[in-house]
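Please read all numbers here as calculations on a predicted model, not as lab measurements.
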Amino acid sequence: MGIRLPSDKKIYFASDFHLGVPNHTSSLEREKRIIAWLDQAKQDAHSIYLLGDIFDFWFEYKHAIPKGFIRFQGKLAELRDAGIPIYFFTGNHDMWLFDYFTKELDIVIYREPQTLQINDKFFLIGHGDGLGPGDSMYKIQKKFFNSKVCQWLFARIHPNLGMGIAQLWSKQSRLANTKREEKFNGEENEFLLSFCKAIEKETHHDFYVFGHRHLPLDLEVGVNSRYINLGEWVHFNTYAEFDGQAVALKTYRHVN
């Protein structure tokens, strides 16, 4: 994928909104804050990349989707109608997003990291779950959850029960039970950084942009190569923007 970015445009990256947790009131307030950020980005956005875990849980039945988040979906529709491309990378919390957003909102869905060239810069972007060393049990679980068998079995559950199970699942999630933000424990403990360094040995990328980690990070991978983690929107409200030369990690400051 190659993009020639005009000098007056930017590309925006965000992830881990986790809409739905820890409760309806908090999620709705966050949803409105995200919409305000999208309104701001709309002024000069060439395109917007949503790098997963936008919803804390999502499952598309053949004739039903999770209720709620209508303001967010409406804003995405507005942006698409304005001609702004939106790319959605599924995360571990919303991997069961199938074709609804593509059919209804004309949003491209990716399930694996993608290489992207913008002007003369090369990116590797994705959600980030299941990458790097360790966490072998999760990688096995992810393979099962992504299987047609698992998806078929869950689809047999009535939506009332299925969404009830999802709500219980969400209450056990890391963000729903964490009152404080994640902490940085040294580069040697950053599994995504290790993944980026391994890739960089084989193929150069100027920027590696991921979510999942829930901690805003801007770390050196190698010479002229950086790893950006987008953080999350429960504690940080962070996102990244690319102006054609550099990626800047920023915090959205909402003013009522």
[X] and [Y] ion-paired at < 4.0 Å:
| X | Y | value |
| --- | --- | --- |
| D106 | R80 | yes |
| R213 | E232 | no |
| D39 | K75 | yes |

Under the side chain to side chain contact (heavy atoms under 4.5 Å, CB included) test against L230, which residue among V209, T238, L217 passes?
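Passing option: V209.
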Roughly how far apart are [X] [atom1] and [Y] [atom2], rounded to 0.5 Å?
| X | Y | atom1 | atom2 | answer |
| --- | --- | --- | --- | --- |
| S225 | H204 | OG | NE2 | 5.5 Å |
| E31 | L28 | CD | CG | 6.0 Å |
| Y239 | L51 | OH | CG | 15.0 Å |
| I86 | I107 | CD1 | CD1 | 4.5 Å |
| E220 | E200 | CD | CD | 10.0 Å |
| I199 | L131 | CD1 | CG | 8.5 Å |

Looking only at non-hydrogen atoms, find the nearest pair between [X] and [Y] and report the distance.
| X | Y | answer |
| --- | --- | --- |
| N119 | Q117 | O-NE2, 3.0 Å |
| D16 | I54 | N-CD1, 4.3 Å |
| I84 | A45 | CG1-O, 4.0 Å |
| S15 | G231 | OG-O, 3.8 Å |
| A36 | Y252 | CB-OH, 3.2 Å |
| F89 | G126 | CD2-CA, 3.8 Å |

Using side-chain heavy atoms (C-beta onward) and a distance below 4.5 Å, is [X] in contact with [Y]?
| X | Y | result |
| --- | --- | --- |
| D206 | V247 | no |
| K32 | I34 | no |
| D218 | R226 | yes |

Hydrophobic clustering (ILVMFWY, side-chain heavy atoms < 4.5 Å, transitive) - are [Y] and [X] grouped together?
| X | Y | value |
| --- | --- | --- |
| F122 | F242 | no |
| Y12 | L105 | yes |
| L50 | I35 | no |

Would you say the rings of H93 and H127 are close, in the sense that their centroids are separated by under 6.0 Å?
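That pair fails the under 6.0 Å test.
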Could you check whether F207 and Y227 have their ring centres less than 6.0 Å apart?
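Ring centres of F207 and Y227 not closer than 6.0 Å.
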Could you check L215 against K183 for side chain to side chain contact (heavy atoms under 4.5 Å, CB included), going step by step and ending with a plain yes or no?
CA-CA 7 Å; L215 183 66; K183 299 296 184 181; 6.0 Å; no
Test side chain to side chain contact (heavy atoms under 4.5 Å, CB included) on V108 and T102; report intermediate values, then the result.
CA-CA 6 Å; V108 176; T102 300; over 6 Å; no
Evaluation steps, side chain to side chain donor-acceptor pair (under 3.5 Å), between Y208 and N229:
CA-CA 8 Å; Y208 296 83; N229 195 280; over 6 Å; no
More than 12 non-hydrogen atoms from neighbouring residues, nucleotides or ligands closer than 6.0 Å to CG on N23, yes or no?
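Atom CG in N23 is crowded, with more than 12 foreign heavy atoms closer than 6.0 Å.
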Might you work through the side chain to side chain contact (heavy atoms under 4.5 Å, CB included) test for K10 and H46, ending with a clear yes or no?
CA-CA 6 Å; K10 295 179 180 178; H46 171 278; over 6 Å; no
Between I11 and L5, is a side chain to side chain contact (heavy atoms under 4.5 Å, CB included) present by the stated rule, with each step listed?
CA-CA 8 Å; I11 293 179; L5 185 65; 3.8 Å; yes
Parallel, tilted or perpendicular for H18 and H214, by the 30°/60° rule?
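Answer is perpendicular, since the angle exceeds 60°.
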Verify, without hydrogens or angle tests, whether [X] (side chain) and [Y] (backbone) share a donor-acceptor contact under 3.5 angstrom.
| X | Y | result |
| --- | --- | --- |
| D94 | D53 | yes |
| R30 | F17 | yes |
| H205 | T203 | yes |
| Q40 | K42 | no |
| T90 | M95 | no |

With sequence neighbours excluded, tell me which residues meet side-chain contact (heavy atoms from CB on, under 4.5 Å) with D8.
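Result, side-chain contact (heavy atoms from CB on, under 4.5 Å) vs D8: P6.
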Listed by chain and number, what are the salt bridge (Lys or Arg N to Asp or Glu O under 4.0 Å) partners of E187, not counting sequence neighbours?
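Counting only residues at least two positions away or on another chain, E187 forms a salt bridge (Lys or Arg N to Asp or Glu O under 4.0 Å) with K197.
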Donor-acceptor list for residues 57-72 side chains, cut-off 3.5 Å, not counting sequence neighbours:
residue	atom	partner	partner atom	Å
W58	NE1	E60	OE2	3.1
E60	OE1	F98	N	3.3
E60	OE1	D99	N	3.2
E60	OE1	Y100	N	3.1
E60	OE2	F98	N	3.0
Y61	OH	I157	O	3.2

